[in-house]
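See below for the structure under consideration.
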There are 2 protein chains.
Amino acid sequence: MTSQVAQAQESVHTPGRKRDASRDDALRQAALEVLAEVGYDRLTIDAVAARAGAGKATCYRRWAGKAELVVDAVGRMKAAPTQPDTGTLRGDLVELTCHFNDVDDTFRTDVQAGLVSGLVHDAKLREAFAELFIAPRKAVYRAVFDRAIQRGEIAPVPNYELLSDIVPSMVFHRLILTGRPPDPAFILTILDQIVLPLTKPCAQGEAAQNPNTSHTQTRTTSS
Amino acid sequence: MTSQVAQAQESVHTPGRKRDASRDDALRQAALEVLAEVGYDRLTIDAVAARAGAGKATCYRRWAGKAELVVDAVGRMKAAPTQPDTGTLRGDLVELTCHFNDVDDTFRTDVQAGLVSGLVHDAKLREAFAELFIAPRKAVYRAVFDRAIQRGEIAPVPNYELLSDIVPSMVFHRLILTGRPPDPAFILTILDQIVLPLTKPCAQGEAAQNPNTSHTQTRTTSS
DNA sequence: CTTTTGCGAAACGGGCTAGTTTCGATACGA
DNA sequence: TCGTATCGAAACTAGCCCGTTTCGCAAAAG
């Protein structure tokens, strides 16, 4: 973006001290930590620079401002890697959701929650978030469902994209509204009571439309 | 809360000019509008007072600060009233979700989105939000499901609370991450492909556990 | 009329933040 | 060695916001 980048790549003539690449990483890491702790809108360049043990000038020499720094830092976070293959759909989903929501490693969750306050206003941040968190998640979910289908474990699901959004949506909802980090038991409940039942052939999309052809089997009295 | 309230109710002796009740409403309404437009953390008392055509002193004479004003204003919003009774579960849910998410009236949605930036940090605001938005929603959902059960339309659902969170969660997720207001088609898709299928008896909670006893009936070939 | 309070408007002090600039020290190339 | 660019640190300008206070005026009670 800035002129320094072009100079660094095109090493025409480079007098003077070289830029310390370790400062880039330190600042990015500090930005992620501050982001996780106080959220996007309360993140200040001063706090990031201080945590990195760097001067503000060093920071502004690399990024134009807060938005660019955060987007770059979030963008370079190690994307969720594990493509689980436990042999069962449930096993894959459990590992997947627990990993994506980082039940064990709270840092990624905190970063995600910290970004929320910025997502509302900043469209650029929203794009970066969608590309860096949502898109890879969707891809992994697709692979897991496809493997289960090829395995013959479930019938083909036309709406895997919808299914793969259930857990993240409900965890996100819970996180913002209650302020509590994702609970493994909560995730398992969603999986066992919502997602997995929907993969059964009897519940494939053909709902309602004719609500009066119902099953009048159970009343409030004893069955 | 403040001493003025006690004085107003207990009219012992009230010298001087009376407080203009219309200023309360004007300030609350202005607060909601600013909240919907710029969000909680970017809301300033100055902006609210200016929009209400009032002085800041008038505002601070009634509320201690930003948090109290917003909580009071949100709390006095007309709560979702319509207890739908269309005769079918699907009809009730459609009316319910579309109303709660205000497909037609975007103001309530904007207020909700505007609150998000404050929910992350402010626990008090989170409690108010939960009490004023979540609790009544949950109650209405419960009534709708209960009526469907009594009607014999569906089997008793032990997890109505979980089911009633699906639509709001996914709409919320979509709202924050894409920035787009809730789409009626999206809501209908969730209802018909997720919520309603789960009310069928074959999909009642007993999922997975034994993934190998699967139903190897349907392959990718024609059924 | 006088007193007391509410009203809108404006100003003020204190605090926080962004982004720039300065300073002495350090590292690199010519 | 000399020039240049980076480094951390700090000072600095400018702006925004909060919460309080002041001011002139309007209304209600004695």
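These values consider heavy atoms only, across backbone and side chains, with no hydrogens, waters or symmetry-generated copies.
B/Arg17 contributes no side-chain N or O that forms a donor-acceptor pair with the base of C/dT5 under 3.5 Å.
For A/Trp63 and C/dT20, the CH2 to P distance is 15 Å, given to the nearest whole Å. For the pair B/Asp20 CG and C/dG8 P, the computed distance is 8 Å after rounding to whole Å. In this structure, CZ of B/Arg23 is placed 15 Å from C1' of D/dA27, rounded to the nearest angstrom. A straight line from CZ of B/Arg19 to C1' of D/dA26 spans 16 Å, rounded to a whole angstrom. Computed from coordinates, the B/Glu68 CD to D/dC18 C1' distance equals 13 Å when rounded to whole Å.
Which of D/dT6, C/dC7, D/dA28 sits closest to the side chain of A/Arg61 comes down to D/dT6. Each of D/dG19, C/dG19, C/dC7 was ranked by its minimum atom distance to the side chain of A/Tyr60; first place goes to C/dG19.
Inter-residue side-chain proximity for A/Pro184 and A/Val94 is flagged as unmet; no heavy-atom pair is nearer than 4.5 Å.
Aromatic pair A/Tyr160/A/Tyr141: centroids not less than 6.0 angstrom apart.
Annotation: proximity of residues 42-57 of chain A to DNA chain C (heavy atom, distance under 4.0 Å) is found for A/Leu43, A/Thr44, A/Ile45, A/Asp46, A/Lys56, A/Ala57, numbered in ascending order.
Phosphate proximity of D/dA29 to B/Lys18: present, with a side-chain N or O under 4.0 Å from OP1 or OP2. In this structure, B/Thr58 does not reach the C/dG6 phosphate: none of its side-chain N or O atoms is under 4.0 Å from OP1 or OP2.
For B/Ser164, the side-chain hydrogen bond (donor to acceptor under 3.5 Å, both in side chains) test picks out no residue, with sequence neighbours left out. Take A/Asp24 and apply the salt bridge (charged side-chain N to carboxylate O under 4.0 Å, His left out) test, not counting sequence neighbours, and it matches A/Arg62.
In the model, B/Ser22 has a side-chain atom that pairs as donor or acceptor with a side-chain atom of B/Asp20 under 3.5 Å.
Here the rule is side chain to side chain contact (heavy atoms under 4.5 Å, CB included) with A/Ile166, and of A/Leu191, A/Val171, A/Ile194 only A/Ile194 fits it.
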